[in-house]
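The structure appears right after this line, and notes come after that.
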Amino acid sequence: MGRGAISAGAVAALVLVAGCKAVAVDTEGGPGGEDGKPPGSTATRTPERASDRTPDRTTAQTPTKTPARDPAPRTPAHTPPPAPAPEPGKTLMEQGDEGKQVRELQARLRQIAWFGGNPTGTYGPVTAAAVKGFQAKRGLALTGVTDTVTWDRLLGMTREPTRSELYAAGGMPPAKPDKRCLTGRVLCIAKSSRTLTWMIDGRAVSTMDVRFGSQYTPTREGTFDVYWKSRHHVSTLYDTPMPYAMFFSGGQAVHFSADFAARGYAGGSHGCVNVRDKKKIASLFAQVRTGDRVVIYK
């Protein structure tokens with residue numbers, strides 16, 4: 001062995017003294033291979049430190065969640081005090097009243113669908129209920145009485161009723177008689193008031209509601225004479241009954257109409273003058289004679 005060579009036993013002794021890990025060394029001075037691997041394929045392992053270890057996912061601690069805080073209690077909203085009840089105005093109409101103004105009240109309420117019937121001129125429970133409903137809808141004092149506040153509000157929402165609206169169910173006061181009606185025996189028929197007045201020498205004997213022909217079959221206007229009376233007449237054109245017929249111009253006649261009695265002014269005639277009061281037309285038929293005058297005017 002030369003001077004520069006070191007024996008394997010000496011190397012082993014030095015390793016034990018230094019406290020290092022012993023590894024096999026071949027005669028060439030390099031580390032020996034492991035598990036059949038060629039020399040130089042395995043390096044010396046450095047001991048692991050605890051700080052270098054990656055924690056196992058299964059054992060890692062789950063971060064603790066901060067518990068959610070309960071929402072702060074809400075302060076109840078301030079409820080404003082109820083508005084004071086509206087004060088009613090001066091009373092103008094109430095239950096038990098009758099007259100033209102009551103009829104106008106009913107007609108105006110009917111225009112805005114608060115009064116379902118026809119104006120009668122009598123302030124009854126139905127009218128009071130309609131007024132109260134109107135007041136409730138507009139935030140007025142609920143009295144069912146028509147006061148100045150209610151009346152002014154109604155006037156602002158409606159228009160002035162026509163005569164036909166005021167007397168939709170009939171009962172319209174007769175118009176001023178035409179001067180042709182003031183002498184002799186005359187069936188005085190006014191279209192404006194929808195009335196027939198039986199007059200003898202300028203005196204009104206009886207008055208009744210009538211309706212006329214439609215737009216396409218108008219009732220003729222002028223002066224005529226009754227030329228034929230037929231108590232149980234049936235129309236040959238329309239096959240409809242025309243009782244108490246008093247003919248004055250071609251096929252046009254004054255007669256009773258069951259349709260007029262049932263539906264009022266919702267319908268019209270084919271040119272005749274319809275009467276809806278059967279008792280009145282029966283009495284008139286008995287009094288009128290052939291040759292009596294018929295005057296029809298606006």
Side-chain angles (χ1 to χ4, degrees), residues 76-176 190-197 204 206-212 214 256-268 274-281 298:
H78 175 67
T79 302
E87 292 291 333
K90 180 182 177 181
T91 298
L92 297 178
M93 291 169 277
E94 58 186 346
Q95 285 200 58
D97 289 345
E98 295 182 353
K100 292 182 179 179
Q101 192 175 25
V102 175
R103 189 178 289 273
E104 180 181 353
L105 167 68
Q106 294 167 333
R108 287 181 180 272
L109 288 171
R110 192 168 189 241
Q111 289 178 8
I112 54 176
W114 276 108
F115 188 79
N118 292 316
T120 62
T122 300
Y123 203 124
V126 175
T127 303
V131 170
K132 195 170 184 178
F134 174 81
Q135 291 170 333
K137 183 72 173 180
R138 272 81 196 172
L140 306 178
L142 300 179
T143 61
V145 172
T146 303
D147 53 51
T148 53
V149 177
T150 301
W151 183 245
D152 289 343
R153 188 66 178 273
L154 182 61
L155 291 180
M157 297 178 61
T158 55
R159 55 175 172 73
E160 183 177 356
T162 64
R163 283 175 64 88
S164 296
E165 289 176 322
L166 291 170
Y167 297 93
M172 186 182 298
K176 181 180 179 180
K191 286 188 173 181
S192 61
S193 60
R194 299 186 296 193
T195 54
L196 181 160
T197 302
S206 62
T207 300
M208 58 203 73
D209 295 331
V210 294
R211 73 176 184 182
F212 305 100
S214 65
F256 171 74
S257 169
D259 181 74
F260 184 24
R263 298 199 302 140
Y265 293 100
N274 292 163
V275 179
R276 63 176 166 189
D277 190 318
K278 198 170 186 177
K279 289 183 178 180
K280 285 187 175 183
I281 187 68
K298 292 291 188 182

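Just the heavy atoms: all of them, side chains too, but no hydrogens, waters or symmetry mates, feed the values below.
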Do we see a donor-acceptor contact under 3.5 Å between the side chains of Thr146 and Tyr123?
yes
Is it true that a side-chain atom of Thr120 and a backbone atom of Thr122 form a donor plus acceptor pair closer than 3.5 Å?
yes
Side chain of Arg110, backbone of Gly117: donor and acceptor closer than 3.5 Å?
yes
Which heavy atom of Gln95 sits nearest to which heavy atom of Pro125, and what is that distance?
OE1-N, 3.6 Å
To the closest 0.5 Å, what do you measure between CG (Leu196) and OG1 (Thr207)?
8.0 Å
Taking the side chain as C-beta and beyond, is there a heavy-atom pair between Met172 and Ser193 under 4.5 Å?
yes
Looking only at heavy atoms, the pair that brings Asp209 and Ala169 closest together is OD2-O, 4.2 Å
For Asn118 and Phe115, which heavy atoms make the closest approach, and how far apart are they?
O-CE2, 3.7 Å
Tell me the closest heavy-atom pair linking Pro86 and Gly139, and the distance in Å.
CG-O, 3.4 Å
Have Ser164 and Thr162 got a donor and an acceptor in their side chains that come within less than 3.5 Å?
no
Please report the interatomic distance CG(Leu166) to CD(Glu160), rounded to the nearest 0.5 Å.
8.0 Å
Rounded distance [0.5 Å steps], CG in Leu154 versus CZ in Arg138
9.0 Å
Looking at CZ of Arg263 and OG of Ser257, how far apart are the two atoms once the value is rounded to the nearest 0.5 Å?
9.0 Å
Take Arg108 and Glu104, measure what salt bridge (Lys or Arg N to Asp or Glu O under 4.0 Å) needs, and give me the verdict at the end.
CA-CA 6 Å; Arg108 287 181 180 272; Glu104 180 181 353; 2.9 Å; yes
Contacts satisfying side chain to side chain donor-acceptor pair (under 3.5 Å) that involve residues 147-157 (not counting sequence neighbours) are Gln135-Thr150, Asp147-Thr150
Do Thr127 and Leu105 have side chains that get closer than 4.5 Å, going by heavy atoms?
yes
Sidechain-backbone polar pair: Thr195 side chain, Pro174 backbone, donor-acceptor under 3.5 Å:
no
Are any non-hydrogen side-chain atoms of Ile112 and Phe134 less than 4.5 angstrom apart?
yes
Any carboxylate oxygen within less than 4.0 angstrom of a Lys/Arg side-chain nitrogen, looking at Arg103 and Glu165?
no
Please identify each residue that fulfils salt bridge (charged side-chain N to carboxylate O under 4.0 Å, His left out) with Lys280, with sequence neighbours left out.
none
When you measure from the side chain of Thr91 to the backbone of Met93, do you find a donor-acceptor pair of N or O atoms at a distance under 3.5 Å?
no
Is there a donor-acceptor pair closer than 3.5 Å between any side-chain N or O of Arg194 and the backbone N or O of Arg211?
no
Exercise: identify the closest heavy-atom pair between Tyr167 and Tyr265
O-CE1, 4.3 Å
How far apart are the closest heavy atoms of Gln106 and Pro119, and which atoms are they?
OE1-CA, 3.3 Å
